[in-house]
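Presented below is the structure to which this report refers.
Computed from a prediction, not measured in an experiment: that's the story for all the values here. Naming convention: chains lettered A, B, ... in sequence-line order (proteins, then strands); numbering from 1 in each chain. All values below were derived from every heavy atom in this structure, side-chain atoms included, with hydrogens, water molecules and symmetry-related copies excluded.
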Amino acid sequence: MPELPEVETVCRGLAPAVVGGRIERIEIRRANLRFPFPEQFEARMQAQTVHSLSRRAKYLIMGLSGGEDLVMHLGMTGRFTIVRDGVPDTPGDYVYATGADPKHDHVVLHLSDGAQIVYNDPRRFGFMVMMAHEARDAHALFRNLGTEPLGNGWSADYIATRARGKTVNLKTLLMDQRIVAGLGNIYVSEALHRAGLSPNRRAASLADRKGRPTERAHRLVPAVREVLHQAIAAGGSTLRDYRHADGSSGAFQEAFAVYDRLDEPCRRTGCAGTVRRVVHSGRATYYCGACQR
DNA sequence: ACTGTACCCTGTAGGC
DNA sequence: TGCCTACAGGGTACAG
């Protein structure tokens with residue numbers, strides 16, 4: 001479910017409810033998600049004050065007063081709900097007020113101001129781990145992550161360097177979190193469409209023989225940035241929403257140019273093409289064969 | 001070193 | 001209606 005814009009939206013929606021707050025206790029309703037919960041999870045969370053909530057790649061990071069970070073990944077279907085006085089609250093577009101799916105409410109953070117932060121995840125591909133803040137960048141989850149596509153490191157020079165000599169296609173390259181951290185299946189398709197680049201094109205074509213960025217790399221870099229900024233401004237994308245969801249949701253799915261639009265007309269002005277669907281590394285890719293080369 | 005596939009788990013949509 | 005299959009925003013562990 002969540003790619004960078006969705007995780008960013010969750011982060012912004014949750015932050016006002018948790019930052020500065022104190023965790024009275026954490027309630028764990030099963031033994032694991034994708035991985036077992038951290039050792040002594042309850043004890044390590046109890047009585048901690050939340051210093052910060054931030055995002056790196058698709059990870060949410062809660063900085064705690066004791067010096068540890070709670071690192072959370074939402075997998076495909078993870079979501080947070082803020083509940084106050086038993087009533088779901090909707091502070092942000094991607095923070096849902098479902099409250100209708102207790103079967104998959106796996107973790108509840110009880111804050112001392114009475115608010116509850118509920119983590120719901122039907123498929124349980126999400127996970128939570130804890131680590132010392134100091135050791136985070138060296139942790140296996142973080143040390144190989146590529147650059148943030150909304151940060152200064154995301155440049156034509158960077159992608160040319162990383163793509164040089166690679167035989168994979170552009171779709172697979174951009175999905176690789178070791179190259180760019182935070183893009184996923186939706187936004188890779190959307191960014192390549194915006195850049196007018198075929199997902200089937202070889203990654204190496206982003207660099208010339210001397211490793212300098214080609215004109216295609218110069219188109220790709222701002223395209224990625226713009227798609228992400230627009231998606232964040234729209235509160236992310238909401239797909240296949242649950243029938244009982246009554247909270248607010250993202251709106252960017254309305255603006256998809258290609259994703260999930262098989263056989264529909266290309267949305268580029270003046271393009272008469274039709275959206276195609278192919279599979280790269282087991283994941284669906286949508287693109288326009290007419291305007292993406 | 002790279003690449004494609006299977007797999008983790010649950011729910012939903014669509015064909016018959 | 002029910003049954004079956006394919007597919008879904010994530011990442012990882014393998015086999016080749």
Side-chain angles (χ1 to χ4, degrees), chain A residues 1-10 29-36 55-60 71-80 93-96 98 100-106 119-129 139-146 162-191 199-200 202-204 227-228 231-232 234-245 249-256 258-263 277-286:
Chain A
M1 177 173 295
E3 301 181 32
L4 187 154
E6 289 75 31
V7 180
E8 182 64 29
T9 303
V10 170
R29 297 186 173 169
R30 54 172 297 119
N32 63 293
L33 293 171
R34 176 172 181 172
F35 306 123
R55 178 195 62 75
R56 167 78 168 110
K58 298 170 192 170
Y59 296 105
L60 266 180
V71 174
M72 299 169 279
H73 196 291
L74 305 180
M76 293 277 263
T77 52
R79 56 174 67 188
F80 283 99
D93 282 322
Y94 203 74
V95 183
Y96 287 78
T98 58
D101 187 27
K103 181 179 171 189
H104 301 116
D105 287 346
H106 304 309
Y119 180 71
N120 178 285
D121 187 355
R123 289 177 77 178
R124 305 202 304 274
F125 286 170
F127 57 88
M128 299 185 183
V129 296
H139 190 277
L141 292 176
F142 288 87
R143 68 172 168 246
N144 292 321
L145 285 177
R162 298 299 302 269
R164 189 181 187 188
K166 287 249 190 316
T167 58
V168 288
N169 53 62
L170 284 180
K171 169 73 181 324
T172 306
L173 181 87
L174 296 177
M175 288 286 285
D176 189 339
Q177 302 298 299
R178 297 168 301 181
I179 310 283
V180 203
L183 296 179
N185 214 36
I186 291 176
Y187 296 105
V188 168
S189 280
E190 292 297 314
N200 305 313
R202 281 188 54 193
V227 164
L228 295 177
I232 290 170
S237 306
T238 304
L239 266 59
R240 291 166 265 279
D241 210 348
Y242 296 146
R243 51 196 188 287
H244 296 307
S249 55
F252 193 71
Q253 66 278 7
E254 309 295 334
F256 286 167
V258 286
Y259 187 81
D260 210 17
R261 296 190 62 242
L262 179 62
D263 291 336
R277 179 187 187 277
V278 291
V279 173
H280 293 112
S281 307
R283 313 290 300 273
T285 306
Y286 296 88

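- In this structure, the CG atom of Leu33(A) is 18 Å from the P atom of dG10(C), given to the nearest Å.
- Nearest to the side-chain atoms of Tyr259(A) among the listed nucleotides dT5(B), dC2(B), dG9(C) stands dG9(C).
- Atom CE of Met76(A) and atom P of dG10(C) are 6 Å apart (whole Å).
- Residue-level contact check: Arg283(A) touches the bases, meaning some heavy atom is under 4.0 Å from a base atom.
- Every residue was checked against the salt bridge (Lys or Arg N to Asp or Glu O under 4.0 Å) condition with Arg143(A), not counting sequence neighbours, and none meets it.
- Separation of the Tyr59(A) and Phe142(A) ring centroids falls under the 6.0 Å cut-off.
- Using a 4.0 Å heavy-atom distance criterion, Gly184(A) is classed as a sugar-phosphate-only contact.
- The side chain of Arg34(A) lies closest to dG11(C) when the candidates are dG9(C), dG11(C), dC2(B).
- To the nearest angstrom, P of dA8(C) lies 16 Å from OH of Tyr187(A).
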Under 3.5 Å, which protein N or O atoms sit close to an N or O of nucleotides 14-16 of chain C? Give each pair with its distance.
none

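- A distance of 11.5 Å separates CD in Glu3(A) from OG1 in Thr9(A), rounded to the nearest 0.5 Å.
- Rounded to whole angstrom, the span from the CG atom of Leu174(A) across to the P atom of dG11(C) amounts to 14 Å.
- What you find for Phe125(A) and Met76(A) is that their closest heavy atoms are CD1-CG, 3.6 Å.
- Partner of Glu190(A) under the side-chain contact (heavy atoms from CB on, under 4.5 Å) criterion, out of Leu183(A), Leu228(A), Asn185(A), Val227(A): Val227(A) alone.
- Taking 4.5 Å as the limit, some side-chain heavy atom of Tyr187(A) sits within range of a side-chain heavy atom of Glu6(A).
- Look at His104(A) and you'll find a side-chain N or O under 4.0 angstrom from OP1 or OP2 of dG11(B).
- In terms of phosphate contacts, Thr77(A) brings no side-chain nitrogen or oxygen within less than 4.0 Å of OP1 or OP2 of dG11(B).
- Minimum atom distance to the side chain of Lys58(A) is reached by dG10(C), of the listed dG10(C), dT3(B), dA8(C).
- The distance between atom CZ of Phe142(A) and atom C1' of dG11(C), rounded to the nearest whole Å, is 14 Å.
- As judged by a 4.0 angstrom heavy-atom cut-off over every strand, Thr172(A) is placed among residues making no nucleic acid contact.
- Of the side-chain N and O atoms in Lys166(A), none sit less than 4.0 angstrom from OP1 or OP2 of dA1(B).
- Across dT5(B) and dC7(C), the matching P atoms stand 14 Å from one another, rounded to whole Å.
- The gap from the P atom of dC3(C) to that of dC9(B) amounts to 23 Å, rounded to the nearest Å.
- For the pair Arg202(A)/Thr167(A), a side-chain contact is recorded, criterion being any heavy-atom separation below 4.5 Å from C-beta on.
- One interatomic measurement links the two molecules: CG of Asn144(A) to P of dG11(C), which rounds to 14 Å at whole-angstrom precision.
- Proximity of Leu141(A) to Phe127(A): side-chain heavy atoms (C-beta onward) are separated by under 4.5 Å at one or more points.
- Taking every side-chain heavy atom of Glu3(A) into account, dG9(C) is the closest of dT3(B), dG4(B), dG9(C).
- In this structure, Phe80(A) and Tyr119(A) have tilted ring planes: the angle between them lies in the 30° to 60° band.
- The side chain of His73(A) places an N or O atom within less than 4.0 Å of a non-bridging phosphate oxygen (OP1 or OP2) of dG11(C).
- Nucleotides of DNA chain C nearest to Arg123(A) and Gln177(A) differ in position, and the one nearer the 5' end is that of Arg123(A).
- In this structure, Phe125(A) does not count as stacked on the base of dC9(B) under the 5.5 Å centre distance and 30° plane angle limits.
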Before you tell me yes or no, could you show the steps for Leu60(A) and Val7(A) under side chain to side chain contact (heavy atoms under 4.5 Å, CB included), namely the whole-Å CA-CA distance, both residues' side-chain angles and the distance that decides it to 0.1 Å? CA-CA 7 Å; Leu60(A) 266 180; Val7(A) 180; 4.0 Å; yes

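- If you take CZ of Arg79(A) and C1' of dG11(B), they are 12 Å apart, rounded to a whole angstrom.
- When the P atom is compared between dG11(C) and dA1(B), the two are found 22 Å apart, to the nearest whole Å.
- Using a 4.0 Å heavy-atom cutoff across all strands shown, Arg124(A) reaches sugar-phosphate atoms only and no base atom.
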Which dot-bracket notation, 5' to 3', represents the base pairing of DNA chain C when pairs are defined as Watson-Crick or G-U with both distances under 3.5 Å, crossing pairs as [ ], and inter-strand pairs as |? .|||||||.|||||||

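- A 4.5 Å side-chain heavy-atom check between Gln253(A) and Thr238(A) finds at least one atom pair inside the cut-off.
- Atom CZ of Arg178(A) is separated from atom P of dA1(B) by 11 Å (rounded to the nearest Å).
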